[in-house]
Structure formats: structure tokens, C-alpha cells
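Heavy atoms only: backbone and side chains are in, while hydrogens, waters and symmetry mates are out. Order of the sequence lines fixes the chain letters, A, B, ..., with proteins taken first and strands second; residue numbering starts at 1 for each chain.
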Amino acid sequence: MPEQTYLEAIRAGLHEEMSRDSSVYVLGEDVALGGPFGVTKGLSEGFGVHRVVNTPISEGTVMGLAIGAATAGLRPVVEIMFIDFITLAMDQLVNHAAKLHYMSGGQLKIPLTVRVQCGISGAMGAHHSQSLESWLAHVPGLKVVMPSNPADAKGLLKAAIRDDNPVIFIEHRGLYRTRGKVPDGDHLVPIGRAAVLREGKQVTIVALANTVGVALAAADELAGGGISTEVIDPRSISPLDVETIVESVKKTSRMIIVHEAVEKGGIGAEITATVQEHALYYLDAPILRIAAPFAPVPASPSLEKQFLPNQACIVKAVRKLFG
Amino acid sequence: MPEQTYLEAIRAGLHEEMSRDSSVYVLGEDVALGGPFGVTKGLSEGFGVHRVVNTPISEGTVMGLAIGAATAGLRPVVEIMFIDFITLAMDQLVNHAAKLHYMSGGQLKIPLTVRVQCGISGAMGAHHSQSLESWLAHVPGLKVVMPSNPADAKGLLKAAIRDDNPVIFIEHRGLYRTRGKVPDGDHLVPIGRAAVLREGKQVTIVALANTVGVALAAADELAGGGISTEVIDPRSISPLDVETIVESVKKTSRMIIVHEAVEKGGIGAEITATVQEHALYYLDAPILRIAAPFAPVPASPSLEKQFLPNQACIVKAVRKLFG
Amino acid sequence: MPTRKENSKDLIDLLRRMWLIRAFEEKVSALYAERQIVGLLHLGIGQEAVAVGTCSLLRPDDYVFGGHRSHGHALAKGADVNRLMAEIAGRATGYCGGKGGSMHIVALEAGFVTATGVVGGTIPLALGAAFAAKEKKQGQVAVVFFGDGAGQAGPFHESLNIASLWRLPVIFVCENNGYAEFTPLSAHTKVERLAQHAKTYDISSSTVDGNDLLAVRTAISKALGKTRAGTGPVFVECLTHRLRGHYEGDPAKYRELSQLTQWKSKDPVARFTRLLKSKKAITDNELQAIESEARSRAEQAAEFSLSSPWPAEEEVATQVTADLP
Amino acid sequence: MPTRKENSKDLIDLLRRMWLIRAFEEKVSALYAERQIVGLLHLGIGQEAVAVGTCSLLRPDDYVFGGHRSHGHALAKGADVNRLMAEIAGRATGYCGGKGGSMHIVALEAGFVTATGVVGGTIPLALGAAFAAKEKKQGQVAVVFFGDGAGQAGPFHESLNIASLWRLPVIFVCENNGYAEFTPLSAHTKVERLAQHAKTYDISSSTVDGNDLLAVRTAISKALGKTRAGTGPVFVECLTHRLRGHYEGDPAKYRELSQLTQWKSKDPVARFTRLLKSKKAITDNELQAIESEARSRAEQAAEFSLSSPWPAEEEVATQVTADLP
Ligand SMILES: Cc1ncc(C[n+]2csc(CCOP(=O)(O)OP(=O)(O)O)c2C)c(N)n1
Ligand SMILES: Cc1ncc(C[n+]2csc(CCOP(=O)(O)OP(=O)(O)O)c2C)c(N)n1
Ligand SMILES: [Mg+2]
Ligand SMILES: [Mg+2]
């Protein structure tokens with residue numbers, strides 16, 4: 001298995017799916033030039049600018065255009081440069097992409113992939129750092145995935161493109177340079193299955209995207225202190241792999257959820273509510289959420305650091321559960 | 001105390017605040033003519049069309065305009081006709097209204113009220129029936145209220161207009177004709193305080209907006225069966241009155257949350273997560289959520305009925321907690 | 001006046017199509033008044049010439065998109081009368097199994113891709129279908145119907161820009177009926193003719209009398225010549241008027257009575273009838289047969305709909321995603 | 001050429017303002033290269049004439065709104081050099097206590113209401129300030145700066161419509177620098193001059209050489225005459241170019257070298273300097289003094305910023321709502 005960065009894995013996934021299926025089109029701002037992070041670099045040379053299409057700054061209409069193209073048989077991959085700007089495309093995404101299959105009684109399918117980059121990295125401030133995945137998971141008809149490593153990034157992206165539903169593929173900017181092994185060949189990761197990244201017996205940490213690495217490091221530290229920690233990456237937050245998470249908690253009796261979105265109304269709330277419903281009598285302590293404070297993301301690097309859930313918080317929270 | 005409908009109470013609240021403070025302006029589609037439901041009827045005659053302003057169908061820009069006007073000293077009340085169309089104003093609402101006070105280090109204040117009508121009533125279908133309040137409660141910097149009766153509608157609206165922050169005032173269309181007593185005089189309801197509408201000992205039902213009436217009826221039915229039910233209306237979902245809810249659960253040891261939004265990622269998840277964090281050891285049973293199925297809202301009246309959380313579901317769920 | 005010679009049979013067929021829509025919507029209105037149909041209904045009575053004038057020139061595989069007032073567009077594109085009425089009535093036999101409803105018609109078999117409850121919402125979708133059509137190179141075009149109220153919404157402008165930039169085979173059909181809900185166009189914009197926006201983008205455009213069936217056909221026929229030839233989008237603004245309220249139940253007090261009377265005299269069905277009669281292209285008997293056939297089809301559709309079952313309870317949460325049952 | 005007689009002192013002052021912005025941004029760039037400042041920085045080097053040409057004519061109580069490339073706009077409106085640089089550097093002494101950052105400057109005391117990281121996002125906000133100004137009847141105007149890339153975004157079009165409809169006292173200043181990120185305007189629209197959109201709405205407009213300080217001033221001065229008189233909005237398109245990459249760190253390989261060279265020769269600071277010299281309105285000594293004064297103010301601002309404390313930890317969650325501490 002070759003090593004790749006998260007960014008390279010996404011690019012490879014796009015490349016493979018575009019090669020495999022001529023109905024896959026990529027649309028977004030500056031995508032033909034690779035975009036500001038270079039994810040789509042080289043694609044327009046290989047597939048032509050008619051399939052790797054630069055768009056004007058018109059997020060809502062480009063989203064709608066992709067939905068319309070999907071109704072007519074294409075499989076568009078739209079890039080929204082920052083999730084902060086998905087706010088401009090919510091009407092099309094929520095009122096059309098998510099609902100048309102249902103509203104048409106199954107007549108229409110919307111095989112649309114939305115690649116969007118999120119999260120905190122590089123002190124970009126409140127308009128380029130949000131984590132809004134829980135909005136999307138609240139919308140019936142959308143699937144939402146958030147890979148935390150190169151292999152999942154590639155496998156989930158390929159699965160998203162092949163899915164007959166709108167899938168929001170959320171990339172974390174802070175992970176673009178992370179390296180990892182990526183299986184050779186036609187590597188697909190099924191949407192809706194969590195990954196148990198570390199087995200443990202006494203506490204379950206569920207972590208998303210950028211916080212998975214932090215959780216794994218915390219688990220190492222906790223192991224040093226004698227606490228056996230299971231770490232689960234849901235990978236897909238809608239549909240959510242309730243079974244894997246609930247089974248883990250039944251075993252460990254304790255759970256912590258970590259994400260970069262603000263705690264209130266974050267996906268941690270949904271996971272908590274579901275787990276307590278299915279495993280209340282197994283819980284030895286309340287489920288705790290480690291997430292961002294209830295505030296916009298500050299620009300100052302010093303405040304940004306405060307804002308992020310870190311290893312120390314996780315370790316402290318876990319210890320509290322045993323306290 | 002005179003009786004008024006929910007709709008009349010809102011209109012009276014607008015009227016009083018516009019009389020009290022000449023910086024209050026009302027903007028929205030057809031508001032000068034009363035709007036499709038007649039909420040703003042008569043205001044333009046009283047205050048002039050310069051203060052009760054019909055706008056083009058440009059939700060995003062009208063929202064931004066109101067935010068800009070708020071930075072310059074006005075207290076705008078914007079009407080978004082259906083919450084389904086707030087999707088077109090999310091950028092302005094989330095990136096500017098919610099964040100500018102924080103991002104400016106306190107230099108700017110955004111005393112903005114957004115009146116928006118939500119929910120299911122009258123078989124209008126998937127684009128005119130959504131309940132999206134939990135998105136808004138996930139946004140730091142916004143306050144979100146959802147009155148369930150005429151008195152709260154008036155009192156919360158007046159409080160919203162006087163608040164120095166953006167407040168989303170969510171009206172449920174299905175409640176417009178509900179009648180109720182409304183206190184005389186300058187009736188204000190503080191934002192962030194729940195109302196205990198019925199005291200009980202064995203189970204707490206937290207219900208929102210349209211489902212409050214259903215919950216109260218269920219409580220009556222349950223009383224007949226010997227179950228003593230406390231019913232709480234949070235009224236404000238951001239900030240949320242955690243204390244009142246947690247205290248209730250500590251007393252009753254059981255909780256059901258009812259809302260019309262889909263269950264996954266709904267505000268019930270946040271309430272559940274918070275309550276189990278603070279009162280896990282008091283819980284005799286898992287917290288259950290009674291909410292809409294994970295689907296768009298169907299247009300057919302027969303399916304719409306299926307979609308709504310009803311009294312029978314609530315009663316059944318409560319009984320399950322005792323089973 | 002038709003630009004190319006239309007024979008009487010063709011013309012009579014056009015009248016028949018308009019009558020079908022008229023009778024259909026009058027029946028829907030009657031059923032609504034009787035509470036046999038519920039919901040939020042926007043009828044296009046008075047605007048039939050735009051739907052028929054446009055769709056009668058389209059290929060079955062052309063893509064059509066509509067909005068909240070689109071019963072007529074779907075019928076004109078060839079949607080089945082029964083399944084359409086059943087959908088509006090919320091029955092299991094409707095096109096969408098009752099999940100869509102009046103504002104959200106989908107009749108894919110007829111090439112009516114979707115309507116929407118969001119003003120202006122399908123304009124970008126039509127661009128997408130046109131984008132796909134361009135790539136598929138089968139000469140298909142996309143057509144989107146929208147009102148004057150959509151002309152002040154951002155997506156409309158973003159769409160004109162992209163359509164012109166990428167030379168998409170899309171025809172924008174603006175039904176300028178002078179009102180958005182209760183307020184006249186003059187309260188929404190200073191731009192009197194929405195076709196003006198097309199000019200800004202160098203999109204070929206025209207403004208026609210939307211109550212004159214043949215004028216609409218002439219404009220659309222020219223538009224199709226261009227879009228099918230690959231020269232990019234065309235914008236056709238049709239000046240028309242809805243003869244009923246904004247929605248069923250709206251007393252439309254904001255409208256001057258004189259205005260209504262004036263527009264009634266321009267009723268597209270009566271007007272086209274007068275034309276055919278003046279050209280002696282149709283007899284009174286034929287006329288009556290057309291009307292009564294239309295009415296009886298509408299009646300049958302109503303019977304079909306009201307005797308159809310309601311959707312099964314469990315349908316409430318099926319078809320949420322394409323991989324579920 | 002100035003339309004009204006400007007005396008040398010005024011002209012020299014204008015040069016001084018441009019130099020201040022230039023020196024400030026060059027210092028910011030240097031600090032970024034040294035990693036003393038981090039974040040996503042968009043510099044307006046090469047576009048100073050638009051900022052100064054516009055803001056030098058405004059009243060302190062006029063409202064100015066900017067975007068992601070707005071250091072210069074804020075400075076031109078009178079923002080404090082130290083507090084601005086400290087904000088960009090993320091320090092507690094910055095205008096926003098470090099919470100805003102480079103793309104989100106607010107300097108309310110100077111009438112610079114807000115910038116934004118959302119392309120086109122402040123255009124509606126400026127309408128709102130203009131709406132308030134119109135109601136307050138103190139003759140204030142609102143000015144919004146935005147790029148050519150914003151001209152394809154829906155809110156821009158919705159805003160032109162509403163501004164014209166309601167005759168709001170707002171001046172749209174479009175800095176058409178020919179690129180949105182890495183792609184030229186021609187890849188975003190077929191409309192070559194963004195002022196064309198204003199014409200659609202009958203908004204008074206002009207397109208000027210944005211690197212010619214006095215041409216900008218002439219256009220803005222006319223615009224102010226109209227907006228303050230209450231006749232509605234004005235649109236001024238300024239053709240200009242950024243001499244650096246889209247953001248600091250962008251090598252700007254998409255840009256032809258010849259193009260860059262050509263624009264460098266039109267550098268607004270050098271060009272205005274040449275004009276003053278040719279008119280003998282300034283001596284070499286004065287010139288040098290202006291530059292070195294600007295550089296030293298920028299240095300001082302850097303020192304002030306880098307020696308300022310970082311925001312206190314607890315600041316991360318204060319000021320979320322106006323009623324919290
Ligand atoms: C985005 C959006 N905003 C508001 C509404 C409410 N609404 C429904 S129809 C309508 C007026 C539409 O006018 P127009 O586009 O001219 O179409 P017409 O009704 O005249 O056919 C409005 C404002 C909506 N459906 N969608
Ligand atoms: C709504 C939105 N979409 C995309 C971006 C990413 N982005 C930042 S600057 C930019 C280009 C803006 O071009 P222009 O408006 O011409 O301003 P300039 O950078 O040339 O000053 C883009 C696409 C953004 N900030 N906001
Ligand atoms: Mg209309
Ligand atoms: Mg530009």
C-alpha cells in the first residue's frame with residue numbers, strides 16, 4: 001500500500017472516478033486550476049475543461065445547476081470552497097437536492113457529490129473556519145461523510161460519487177497534508193459504517209475528522225495511565241452507524257464525543273441522545289462532549305488555539321468519568 | 001386579561017413596539033398589505049410605508065440590508081414568509097448577523113428580529129412546512145424563540161425587538177388562530193426562560209411550539225391513567241433554560257421531548273444530551289424523543305397526518321417508560 | 001399570427017390543449033372550494049397560452065421546469081391528466097404518490113422534470129439540464145417557466161450570467177403577470193421589462209403578448225432555432241395575467257376591477273377561439289366538442305383522483321434516499 | 001485631472017494617504033513572510049487610488065463597507081494604523097481584540113463599519129446603512145467596496161435592484177482588478193464592464209481608470225453630489241489591478257508577466273507622484289519625507305502590534321451576544 005496525503009488521496013479518488021465514468025463532472029471556483037489548495041490539480045489537463053469546469057462566484061446557482069444536471073443523467077461533483085459559503089447554497093441543497101427523490105415519489109435521482117472543506121487551520125477567522133456538518137445531518141435525503149485519513153478520504157469519495165443520492169463530502173483543511181496508507185486498486189469505503197480505530201475496554205471516544213488524531217493521542221496517553229480506550233471514527237454522520245457505537249458503549253460503559261463544531265446542537269448531541277436511548281443502563285457516567293465553545297471562530301492564532309478541542313481536554317474529561 | 005389569537009398577539013406586539021420606538025422598522029414581502037396570513041395588517045396605515053416596507057423576493061439581501069440598518073442604529077424586524085426560505089438568507093444570518101458583535105470585539109450590535117413562520121399546517125408540502133430551528137440554535141450569536149401561545153408570542157416578540165442581538169422569532173402557522181389570555185400592558189417574556197405549564201411528578205414532557213398543546217392533552221390522558229406528568233415549554237431554544245428542565249427531570253426521573261422537526265439532529269438531541277449530562281443518575285429510563293420521521297414533509301394530507309407527532313405517540317412513549 | 005403556415009388541424013389541436021388546461025384547473029378550483037382538495041393552490045387560469053405556446057413546440061425529450069403555478073406547464077408538456085390531478089389531490093395514484101403536491105409536480109415520463117415551491121428555484125436546475133443536454137449532444141433543450149417575482153431574486157441573475165457564459169441551450173420563459181403575490185411589479189423593481197436583464201448579458205430576447213398563443217409560438221419557435229443550433233440561451237418574456245387570485249382563497253382585493261375586466265377581455269382561450277372563428281378554421285360544433293371533451297376529461301380525472309386510495313401510512317418515510325425501498 | 005481646483009497641499013495630502021497604505025501593506029507582507037503575522041491575507045497593493053480617491057471625499061459619519069481586501073479602505077477612512085495592524089496580527093490591542101482579523105476589519109470610530117470574508121457579503125449591509133441614513137436625514141451616505149468577482153453573485157444583483165427601487169444613498173465602488181482568485185473576469189462573465197449592470201437599473205454609473213487617483217475622485221465627487229441630494233445610488237467601476245498575488249503566498253503564475261509589467265508601470269502611487277512632480281507641486285525632499293514618514297508609521301505600528309499582548313484566553317467566548325460580558 002502506497003502512502004499518500006489526504007489531499008492526494010482525494011485527487012486520486014476524483015481521477016479514478018472520472019476515468020471510470022464519463023458522466024462524472026467537476027464544477028467549482030477555479031477547479032480547472034486546482035483550486036486554492038491544489039486538490040483538483042491536473043484534472044482539467046486530463047479530462048478537459050468541459051468536465052472540470054471553473055464557475056463564477058455563484059454558489060447557489062452552481063449547486064442548483066449540478067442538481068439539474070444530475071436529474072438529466074450526469075454525476076456532478078461540486079466543490080464549495082469553504083463550508084462557510086454553503087450558507088449560500090442551502091436552498092438548493094436542502095429544498096431540491098435532498099428532497100427531490102422523495103417529493104417526486106422516486107421519479108428523480110440526484111447522484112450529486114458536494115466536496116466542501118471545513119474547519120480550523122491557519123488562523124483564517126470566522127468566515128473560513130466553521131464546522132456546520134450537523135445542519136446537514138438534520139436534512140433527510142442528504143448523506144454526510146467526514147473522512148479523517150487518506151484511505152477513508154479516497155474510499156468515501158469514490159463511494160459518494162457512485163451513490164445515487166446527494167452526498168456531502170466534508171474535507172478538513174487541517175488534514176490535507178496528513179499522510180497515510182491508501183489501499184491499492186478500486187478502494188471503496190461504504191457510507192454509513194464507522195471505523196473502530198483502536199480497541200479498548202473502559203471508555204469509548206467517538207471523534208470526527210481532525211479530532212480523530214487528537215483522540216488517538218489522548219488514548220495513548222490514557223493507556224499510560226492505565227485507562228483502556230476505544231476510539232471510533234463514525235466517518236459518516238448521516239447515516240450514522242448507531243450499532244457500532246452502541247455496542248462499544250455497552251462494552252466500555254463510558255463515552256466521550258469530540259468534534260470541532262460548537263457543542264450546542266452539534267452532532268455529538270445526536271450521538272449522545274441515540275446512545276443513551278439504546279444503552280442507558282450500561283452507562284456508568286454521563287456522556288460528555290468535548291467541542292468548541294459556543295462562539296464564532298476567532299481570527300487570532302492565540303484564541304484559535306483556545307477554541308480547538310485538544311488532547312488535554314480529552315484526557316481530563318475521560319479522567320472525570322472515572323473520578 | 002383580554003383573549004387574543006396568537007396572530008393578533010403578534011400583531012399587537014409589533015404595534016406596541018413600533019409605537020414605543022421609532023427606530024423599529026418592519027420589512028418583508030407584502031408586509032404593508034398584511035402578508036399572506038394578515039399578521040402585519042394595519043401597520044402600514046398606522047406607521048407609514050416607510051416603516052412597514054414591502055420588499056422584492058430577495059431574502060438574502062433583505063436580511064443583509066436589515067443587518068446593515070441595525071449597525072446604523074435601527075431595530076429592524078424582518079419577516080421571512082416561510083422558514084423554508086431562510087435557506088436563502090443563511091449566509092447573512094449566520095456569517096454577519098450572528099457573528100458581527102463577536103468579530104468586531106463588541107464594536108457592533110445587531111438588534112435585529114427575524115419573524116419567520118414554520119411548521120406543518122394545511123398540506124402545503126415539503127417547501128412550505130419545515131421546522132429548521134435546530135440549525136439556528138447551533139449558531140453562536142443568535143437567539144431563537146418559539147412561542148406556543150398568544151401571551152408568550154406577544155411577550156417574546158416584544159423582548160426580541162428590545163434585545164440588542166439578532167433574535168429569530170419562530171411562529172408556528174398552525175397556531176395562528178389559537179386563542180388565549182394575554183396580559184394587559186407592557187407584557188414582556190424574558191428570552192431564555194422555560195415555562196412549566198403543568199406540574200407533575202412522574203415524567204417530564206418537554207414540548208415546543210405546536211406540540212405543546214398535544215403534550216398537554218397527552219398529560220391529561222395520562223393523568224386519567226394515573227401518571228402524573230409535568231409539561232415544560234422551553235419557549236426559547238437558544239439560550240436554553242437548562243436549569244428548569246434538569247430540575248424537573250431530577251424530580252420526575254423520566255423525560256420525553258416532543259417536536260415537529262425531524263428527530264435526527266433536532267433540538268431534542270441537544271436537550272437530551274444536556275439533561276443526561278446533568279441528571280444521568282436521576283434517570284429511571286432513557287430519554288425518548290417524539291418527532292417527525294426522517295423524511296421531507298409529504299404534501300398529501302393523509303401522509304402529513306402520519307408525519308406529525310400526535311397525542312397517541314406521546315402517551316404510548318410515556319407508558320413505555322414505565323413499562 | 002403564425003410565422004409558418006399552420007394548418008387548421010394544428011391550430012385546433014392547440015385550442016384543445018388550452019381547453020384541457022382550463023377545464024382541468026377550473027375543476028381543481030371547484031374541488032378546492034368543496035374541500036375535496038386541500039393545500040396551497042396557485043392556478044394559471046388566464047396564462048394558458050404561454051404553457052401551450054411553448055410546450056407545443058418542444059420535443060418529448062426536452063426538459064421542462066416550472067414553479068408554484070405549473071399545473072398548466074406539466075399538462076402542456078404532456079403529463080397525464082389523471083395522475084396529475086391525483087397528485088394535486090394527494091392520492092397514491094398521483095405522479096409522486098402524493099408526496100409532491102400542487103407546487104411540486106414531477107412528470108418525468110413527459111419531460112416535465114420538476115416544479116418547485118421556491119420562487120426562482122428551478123432556474124438553476126434548468127441550467128443543469130441544459131448543461132447535460134449540451135454534453136450529450138442530442139439537440140435537447142431545457143425550458144424553465146418562472147414569474148416576474150423571480151426576476152428580483154439572486155439565482156435568476158446568477159443563472160442568466162452562467163447560461164450566457166457557457167452558451168447553454170436553455171430557454172427562459174418569464175410569465176410576467178404583473179404581480180408577485182399581492183404587489184405589482186412596480187413595487188419590486190424599476191425594470192419594467194424583465195427581458196432587459198437578458199440584454200445585459202447579450203442573451204437574445206423578446207417580450208411578447210403572452211395571451212396571444214401564436215405570438216408566444218412565434219417567439220419560442222425562433223428561440224428553439226437558436227438554442228438547438230447551439231448559439232446559447234434565449235429569453236422570452238410573456239406579458240400575461242392570472243385571472244384568479246394569487247392562490248385559491250385569495251380574494252385579490254389589491255387588483256382594480258377595471259384591470260381584471262380588461263384582462264378578461266384578453267382571455268387567451270376566448271381570444272384564440274375568436275381568431276379561429278374569424279378565420280373560419282373551426283365550427284361552433286367543433287368548439288363545443290372541444291370544450292366538453294376537455295371538461296369531461298377533467299371530470300374523469302377528478303373521479304379517478306377522488307376514488308384513488310390515499311398513500312399507505314408507511315409511505316411517509318419511504319423514498320427518502322434512492323437506496324431505501 | 002481634478003474637476004475643481006485642488007491646491008498643492010490637498011494633493012500632497014492625498015499622496016501621503018496612498019503612501020501610508022502602501023507602506024502599511026508592504027510591512028504586513030514582510031511580517032507575513034517572517035511568520036510574525038499568520039492567516040489569510042489579501043493585499044490591495046496597486047489599488048490604493050480607489051480607496052484614497054473615494055474615502056478622501058467622505059464625511060467621518062459616512063458609512064464604509066469593505067471585503068476581504070480592505071486594509072486600505074479602512075486606513076483611507078481614517079482607521080488607526082496601530083489598532084489596524086494589531087488586529088491583523090491577532091493582538092488584544094487590535095480593533096476587534098484579535099477576534100476579527102485581516103478579512104474582517106471593523107473600525108467603527110472611523111466609520112468603517114465592517115469588512116467580510118464572504119465575497120459580495122457587505123453589499124446588502126451597505127444598503128442597510130443607506131436605508132438608515134435616508135431615514136435619519138442627516139445627509140450621510142454608505143459606500144461599499146467590492147471586486148469584479150462579486151459581480152456574478154446573486155446578492156450583488158438583488159442589491160442593485162433594491163437600491164434603485166428605494167433610491168438609497170449608496171455608492172457602489174467596484175474594484176475591477178480583472179481577476180477573481182486565479183481566473184480572469186472573462187471566465188466569470190460575458191459582461192465586460194460591471195457598470196453595465198447599473199445601467200439595467202437606471203443607476204447612474206461610470207467606469208474610470210482606477211489607478212488614476214484624480215479620476216476616481218472626480219467620479220466619486222459627482223456620485224456624492226447625487227447621493228447626498230437624495231437622487232439614489234451611484235455605481236463607480238474602477239479598473240485596476242492587484243500587484244501581488246490573490247493572497248500572500250500565491251505565486252500568481254496564472255498572470256502573464258507582461259501584464260504585470262504593464263500594470264506596474266501604472267502603479268497609482270508612482271503615477272500620482274509623477275503628476276505632482278510634473279506640475280511642480282512637490283519637491284524631491286517632500287516626496288522622500290512622505291515615504292519615510294509612511295514607512296516609519298508602518299514600522300511603529302508593527303512594533304506596537306508585535307509588542308502587544310495576545311488576547312486573554314477567556315476572550316475566546318466573550319462578546320458572543322451583546323448582553324454577555
Ligand atoms: C423564495 C421564496 N420567497 C417567497 C415565496 C412566497 N411566494 C410564493 S409565490 C410568490 C410570488 C411569486 O410571484 P411571481 O414569481 O411573479 O409568480 P406568480 O405567482 O405571479 O405566478 C411569493 C413571494 C416563495 N414561495 N419562495
Ligand atoms: C461567497 C464566497 N465564495 C468564494 C470565496 C473564496 N474567494 C475569496 S476571494 C475570491 C475572489 C474574489 O474576487 P473579487 O471579488 O474580484 O475580489 P479580488 O480578490 O479580486 O479583490 C474568492 C472566490 C469567498 N470568500 N466567498
Ligand atoms: Mg407574477
Ligand atoms: Mg477581482
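Note: C:Pro311 leads C:Ala150, C:Ala312, C:Pro311 in heavy-atom pairs under 4.5 Å with chain B. Contacts with chain B were tallied for C:Val38, C:Val118, C:Val119; C:Val118 has the most, counting heavy-atom pairs under 4.5 Å. The residue among C:Gly101, C:Cys96, C:Gly121, C:Gly39 with the most heavy atom pairs within less than 4.5 Å of chain B is C:Gly39.
Only the side chain of B:Phe85 comes within contact range of chain C, with at least one heavy atom under 4.5 Å from a heavy atom of that chain. The contact between B:Leu33 and chain C is made entirely by side chain atoms (from C-beta outward), counting heavy-atom distances below 4.5 Å.
Across B:Pro298 and C:Val316, no two heavy atoms sit closer than the pair CG-CG2, 4.1 Å. Across every non-hydrogen atom of B:Ile57 and C:Gly149, the tightest pair is CD1-O, 3.6 Å. Considering every non-hydrogen atom in both C:Gly90 and B:Pro301, the closest pair reads CA-CD, 4.4 Å.
For B:Arg177, the CZ atom is loosely surrounded, since the number of other residues' heavy atoms within 6.0 Å does not exceed 12.
Applying the side chain to side chain contact (heavy atoms under 4.5 Å, CB included) rule to B:Val214 yields the partners B:Gln311, B:Ile314; only residues at least two apart in sequence or on another chain are considered. Remark: C:Ala74 engages C:Ala79, C:Leu84, C:Ile105, C:Phe112 in a side chain to side chain contact (heavy atoms under 4.5 Å, CB included) (not counting sequence neighbours). The ring pair (Phe, Tyr, Trp, His ring centres under 6.0 Å) search around B:Phe294 returns none, not counting sequence neighbours.
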For chain B and chain C, what donor-acceptor pairs lie under 3.5 Å, backbone included?
from, atom 1, to, atom 2, distance (Å)
B:Asp30, OD1, C:Thr183, OG1, 2.5
B:Asp30, OD2, C:Phe182, N, 3.3
B:Ser58, OG, C:Gln152, O, 2.7
B:His127, ND1, C:Thr116, OG1, 3.4
B:His127, ND1, C:Gly117, N, 2.9
B:Ala299, N, C:Lys99, O, 3.3
B:Ser300, N, C:Gly98, O, 2.9
B:Ser300, OG, C:Gly90, O, 2.7

